[in-house]
Amino acid sequence: MSARAFVIGHPIAHSRSPLIHGHWLKRHGIEGSYERINVAPGALPGFLEQVRAGGFRGGNVTIPHKEVAYRLVDEATTRARRLGAVNTLWLEGERLLGDNTDGEGFLASVAGSVGLGWAEQVHSALVLGAGGAARAIVGALLDAGVPRITVANRTEARARDLVAFSPDRIRVLPWDALPEGLAETGLLVNATQCGMKGQPRLELDSSLLPPDAIVGDIVYVPLETELLASARARGLRIVDGLGMLLHQAVPGFERWFGIRPEVTAELRAIIEADIRRTA
Ligand code: NAP
């Protein structure tokens with residue numbers, strides 16, 4: 001089988017995944033390709049049938065296909081089942097398998113920014129948002145052993161849905177009560193769209209956080225959000241969204257091309273330049 005992989009979405013022109021995987025293919029001298037393919041929602045089952053028939057080793061799945069693709073794979077990993085969504089597909093024989101690597105990407109980005117062992121120091125995390133990315137992050141924080149996780153979301157019912165992941169360890173904070181939750185937060189993560197270019201600001205006073213808190217923002221346009229800038233100004237440790245984007249790509253590349261690639265400063269600089277150029 002030829003070494004071909006894809007990213008499918010609708011729209012897909014904005015995806016930076018081809019730049020990431022293209023860099024790794026070149027870096028490792030692999031004769032392969034990673035192709036951007038626009039698949040309209042109704043065309044997803046047919047596309048996945050083509051994948052099963054061969055031609056590709058697998059690929060990435062992005063908006064709006066992550067949940068439907070999960071229902072169409074032959075088998076999904078435990079973490080993908082918990083989320084009901086896949087972002088990475090690969091073939092084993094004629095069986096199509098699915099995984100969700102967003103949570104792993106988030107954990108690796110935190111470790112890359114603040115060092116290994118951070119999870120043992122964090123007793124309480126506060127996750128803002130309850131969409132696909134927030135769900136992956138909450139799942140990953142549970143797996144990393146963070147004892148208490150608080151979720152705050154504009155639409156509270158979506159946050160309450162997340163409690164089922166681990167009723168003993170997850171609680172919900174009303175969006176309006178956010179300031180009250182900050183003083184006891186060791187890790188704050190913005191997993192909403194707020195603060196992204198063209199989206200509303202995130203109204204949050206980072207001075208209410210403890211001085212040893214870690215502040216993460218998965219928004220990466222701009223590269224340094226207002227939240228991260230204010231946390232940095234206070235001397236808090238920060239984790240930006242580009243790290244998660246880069247690290248979530250690692251497991252897929254390894255499955256399709258057989259080499260575990262590295263997230264290097266060189267790759268980061270390439271994607272940063274692209275974001276600055278296009279944002
Ligand atoms: P999603 O499933 O659509 O969820 C969006 C979340 O943002 C929901 O919790 C939503 O709250 C909240 N939100 C949207 N507008 C808001 C507002 N004005 N005020 C308060 N909350 C608001 O999207 P997603 O896939 O989880 O992605 C969320 C963000 O993360 C996006 O900016 C995306 O680009 C980024 N992201 C980054 C990475 C990375 O690798 N760095 C990976 C995935 C996603 P409601 O439930 O109330 O609507």
Side-chain angles (χ1 to χ4, degrees), residues 7 9-17 19-21 60-70 79-80 83-88 99-110 112-113 126-141 149-163 172-179 188-204 215-228 238-252 263 267-268 271-272 274-275 278-279:
V7 55
H10 185 76
I12 195 62
H14 65 282
S15 174
R16 293 193 170 82
S17 294
L19 208 50
I20 299 171
H21 290 282
N60 286 124
V61 180
T62 187
I63 292 168
H65 297 314
K66 291 183 183 187
E67 285 84 9
V68 182
Y70 166 74
R79 58 191 183 182
L83 303 172
V86 292
N87 70 350
T88 305
D99 190 11
N100 194 308
T101 65
D102 276 343
E104 177 181 340
F106 172 74
L107 295 182
S109 78
V110 181
S113 298
L126 172 57
V127 176
L128 310 182
R135 289 168 63 80
I137 289 169
V138 169
L141 291 174
I149 301 163
T150 302
V151 183
N153 192 48
R154 177 181 61 176
T155 309
E156 202 174 311
R158 289 183 88 192
R160 281 199 298 271
D161 287 346
L162 266 161
V163 175
V172 172
L173 184 70
W175 188 250
D176 298 343
L178 261 186
L188 171 73
V189 186
N190 174 39
T192 73
Q193 282 157 17
C194 296
M196 187 174 161
K197 191 180 170 203
Q199 296 290 326
R201 292 180 61 219
L202 180 65
E203 306 282 348
L204 191 139
V215 178
D217 198 331
I218 69 163
V219 168
Y220 54 86
V221 182
L223 285 160
E224 184 162 284
T225 60
E226 204 178 318
L227 172 67
L228 293 183
I238 64 170
V239 182
D240 69 24
L242 181 53
M244 176 172 165
L245 179 74
L246 299 174
H247 283 284
Q248 62 78 31
V250 169
V263 172
L267 172 61
R268 225 192 121 87
I271 308 301
E272 276 187 13
D274 187 65
I275 290 172
T278 55

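Indexing begins at 1, ligand by ligand and atom by atom, following the structure's order. Nothing fancy with the numbering, it's 1 onward along the sequence. Everything numeric here is computed off the predicted structure, so don't read it as measured data.
- In this view, A191 and V127, A134, I137, I218 satisfy the side-chain contact (heavy atoms from CB on, under 4.5 Å) rule, not counting sequence neighbours.
- D217 contributes a side-chain N or O that, together with a main-chain N or O of V219, makes up a donor-acceptor pair within less than 3.5 Å.
- More than 12 heavy-atom neighbours from other residues, nucleotides or ligands sit within 6.0 angstrom of CG on L19.
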Put together the list of close N/O pairs, under 3.5 Å, between ligand 1 and the protein, could you?
from: ligand 1; atom 1: 2 (O); to: G132; atom 2: N; distance (Å): 3.0
from: ligand 1; atom 1: 7 (O); to: Q193; atom 2: N; distance (Å): 3.3
from: ligand 1; atom 1: 9 (O); to: A130; atom 2: N; distance (Å): 3.0
from: ligand 1; atom 1: 9 (O); to: N153; atom 2: OD1; distance (Å): 2.7
from: ligand 1; atom 1: 11 (O); to: N153; atom 2: OD1; distance (Å): 3.2
from: ligand 1; atom 1: 18 (N); to: R154; atom 2: NH1; distance (Å): 3.3
from: ligand 1; atom 1: 26 (O); to: G132; atom 2: N; distance (Å): 3.2
from: ligand 1; atom 1: 26 (O); to: A133; atom 2: N; distance (Å): 2.9
from: ligand 1; atom 1: 40 (O); to: L245; atom 2: N; distance (Å): 3.2
from: ligand 1; atom 1: 41 (N); to: I218; atom 2: O; distance (Å): 2.9
from: ligand 1; atom 1: 41 (N); to: G241; atom 2: O; distance (Å): 2.8
from: ligand 1; atom 1: 46 (O); to: N153; atom 2: ND2; distance (Å): 2.8
from: ligand 1; atom 1: 46 (O); to: R158; atom 2: NH1; distance (Å): 2.7
from: ligand 1; atom 1: 47 (O); to: R154; atom 2: NE; distance (Å): 3.0
from: ligand 1; atom 1: 47 (O); to: T155; atom 2: N; distance (Å): 3.0
from: ligand 1; atom 1: 47 (O); to: T155; atom 2: OG1; distance (Å): 2.5
from: ligand 1; atom 1: 48 (O); to: R154; atom 2: NH2; distance (Å): 2.9

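- With N60 contributing its side chain and N87 its backbone, the two residues share a donor-acceptor pair below 3.5 Å.
- Looking at I238 and E224, their side chains come closer than 4.5 Å, going by heavy atoms from C-beta outward.
- Side-chain atoms of N153 do not come within 3.5 Å of backbone N or O of R158 as any donor-acceptor pair.
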